[in-house]
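Down below is the structure, laid out as structure tokens.
Labels below follow one simple rule: chain letters A, B, ... track the order of the sequence lines, proteins then strands, and each chain is numbered from 1. Please read these numbers as outputs of a predicted model, since none were measured by experiment. These numbers come from the heavy atoms of this one structure, side chains and all, not from hydrogens, waters or symmetry mates.
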2 protein chains.
Amino acid sequence: MNGFGSAFLLAQVGAHAAQRFTERIGELDLTPPQAGLLRLVAARPGQSQQAIAAQLGTPATRLVALVDGLEKRGLIERRRNPDDRRLYAVELTEDGRAFMGRVAQAAAAHDRALTAALSDGERATLHALLTKIATDQGLTPGVHPGYAKP
Amino acid sequence: MNGFGSAFLLAQVGAHAAQRFTERIGELDLTPPQAGLLRLVAARPGQSQQAIAAQLGTPATRLVALVDGLEKRGLIERRRNPDDRRLYAVELTEDGRAFMGRVAQAAAAHDRALTAALSDGERATLHALLTKIATDQGLTPGVHPGYAKP
DNA sequence: TATTGTTATACTCTATAACTATA
DNA sequence: TATAGTTATAGAGTATAACAATA
């Protein structure tokens, strides 16, 4: 092992990737936790805040302010469930769906910039190796462990 | 791109690696910032706190408590510079050098556990690709951008 | 009584600025 | 005056626990 192991490199490059992503979506006035919530709501609309919290592995209390902020901006909305009036169903608004397009563009640009040093083949290899590790380590696809700070 | 891009995978796996590393060195009653400081002091002994702060990209004020804690445990020590009595030279103690052996063991075990799903060849490939990205992105070897939380 | 969502509180970590001592 | 180190203060972010509404 020359100098630093793969585990450290992963943590280092991963933290760098998170930082750059934070900067990039900052241009959309979005924080990483907000982006994570948006993506989950887009992927699985209509879930309660408790259900969302469980999937993100975060206390439900944390979602209140998070949902508040995005709701005030008109990107998501709470709908009361008529059958059980304790629950909200969190969903994207029309504006929210349009906004997700811009987020996806930012994510794609971020992806290209981060792996700019790799060839197409190397990029595919990296993706495969990372997927292998993620699966082995029991990571949930699309769920970032411990959101980076806004 | 099937599902998630490499950038997200990097951030996800990297955060997971940082978490597991935090747990592992926690058994040595060490936090990631402490481990980072120890490693730097071991690699370049005798530097002032200002110089260390500059290399870690952190405000010098943050180092005070960090150095305090490790000094109280007898792992590092401040030595006054006789030529310029404003400066300290931060160095490992004898106990500190012995302790670094245990840290290195923990880091090696962490490395093996994280890449357990890969073959030797795949591990080497991953290391090469990550190094390529780290170099391209201008990351300083051995310096973690934004320490994980204790 | 149990559950969803909310609010209130406390705690951790960090950065900024003010202070001291040496130069 | 300028720099190394320290201390004090304030800020952001998070988690824990208490609360209100509904079941």
Side-chain angles (χ1 to χ4, degrees), chain A residues 15 18-19 22-23 25-26 29-37 40-41 44 46-72 76-91 143-150, chain B residues 15 18-19 22-23 25-26 29-37 40-41 44 46-72 76-91 143-150:
Chain A
Q19 274 189 355
T22 301
E23 294 169 14
I25 61 173
D29 280 318
L30 217 58
T31 66
Q34 289 175 325
L37 174 58
L40 182 56
V41 172
R44 300 189 183 183
Q47 295 192 111
S48 72
Q49 293 180 189
Q50 293 281 346
I52 293 172
Q55 287 162 58
L56 293 179
T58 186
T61 56
R62 195 176 164 184
L63 284 180
V64 179
L66 217 49
V67 173
D68 280 352
L70 294 178
E71 191 173 37
K72 272 177 193 151
I76 61 178
E77 60 181 350
R78 292 172 166 102
R79 292 188 189 165
R80 277 290 184 194
N81 183 334
D83 297 339
D84 186 339
R85 294 174 45 75
R86 290 173 307 182
L87 285 77
Y88 282 117
V90 182
E91 300 179 6
V143 175
H144 191 289
Y147 292 134
K149 293 184 184 172
Chain B
Q19 275 188 353
T22 301
E23 295 170 13
I25 61 173
D29 280 318
L30 217 59
T31 65
Q34 288 176 325
L37 174 58
L40 182 55
V41 173
R44 300 189 182 183
Q47 295 192 112
S48 72
Q49 294 180 189
Q50 294 278 349
I52 294 173
Q55 286 162 58
L56 293 179
T58 185
T61 56
R62 194 177 164 184
L63 283 181
V64 180
L66 217 49
V67 173
D68 280 351
L70 294 177
E71 192 173 38
K72 273 177 193 152
I76 62 178
E77 59 180 350
R78 291 173 166 102
R79 292 187 190 167
R80 277 290 182 194
N81 184 333
D83 296 338
D84 187 339
R85 292 173 48 72
R86 290 173 305 182
L87 284 78
Y88 282 118
V90 182
E91 299 180 7
V143 175
H144 191 289
Y147 292 132
K149 293 184 185 174

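- Between V90(B) and Q49(B), the closest heavy-atom pair is CG2-CG, 4.0 Å.
- Between atom CG of residue L30(A) and atom OG1 of residue T22(A) there is a gap of 10.5 Å, rounded to the nearest 0.5 Å.
- Straight-line distance from the CG atom of L87(B) to the P atom of dT3(D): 12 Å, rounded to whole Å.
- To the nearest 0.5 Å, atom CG of residue L87(B) and atom CZ of residue R85(B) are 11.5 Å apart.
- Residue R44(B) qualifies as open at atom CZ: its count of foreign heavy atoms under 6.0 Å is 12 or below.
- In this structure, the CG atom of L56(B) is 12 Å from the P atom of dA15(C), given to the nearest Å.
- For the side chain to side chain donor-acceptor pair (under 3.5 Å) test, no residue two or more places apart in sequence or in another chain qualifies with N81(A).
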B/S/- contact track for nucleotides 18-23 of chain C, protein heavy atom under 4.0 Å: ----BS
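- At whole-Å resolution of the value, CD in Q50(B) and C1' in dT6(D) are 11 Å apart.
- Closest approach to the Y88(A) side chain among dT6(D), dG5(C), dA15(C) is made by dG5(C) (side chain taken as heavy atoms from C-beta onward).
- One atom, CD of Q19(B), and another, P of dT14(D), lie 14 Å apart when rounded to the nearest Å.
- Considering only side-chain N and O atoms, R62(A) lies nowhere under 4.0 angstrom from the phosphate OP1 or OP2 of dG5(C).
- The distance from atom CG of L63(A) to atom P of dG13(D) is 16 Å, rounded to the nearest whole Å.
- Protein atom CD of Q49(A) is 11 Å distant from nucleotide atom P of dT7(C), rounded to whole Å.
- Helical stems of DNA chain D (runs of at least 3 Watson-Crick or G-U pairs, donor-acceptor distances under 3.5 Å) are listed by first residue: C:1-23 with D:1-23.
- Every side chain to side chain donor-acceptor pair (under 3.5 Å) that R79(B) has, sequence neighbours left out, goes to E77(B), E91(B).
- Residues satisfying the salt bridge (Lys or Arg N to Asp or Glu O under 4.0 Å) test with R86(B), not counting sequence neighbours, are D84(B).
- Not counting sequence neighbours, the partners of A51(B) by the side-chain contact (heavy atoms from CB on, under 4.5 Å) test are Q47(B), S48(B), Q55(B).
- The CZ atom of R78(A) sits 15 Å away from the P atom of dT4(C) (whole-angstrom rounding).
- When the nucleotides dA15(D), dA15(C), dA4(D) are ranked by their closest atom to the side chain of S48(B), dA4(D) comes out on top.
- Rounded to a whole Å, the CD atom of E71(A) is 14 Å from the C1' atom of dT6(C).
- Heavy-atom contacts from other residues, nucleotides or ligands closer than 6.0 Å to CZ of R78(A) number more than 12.
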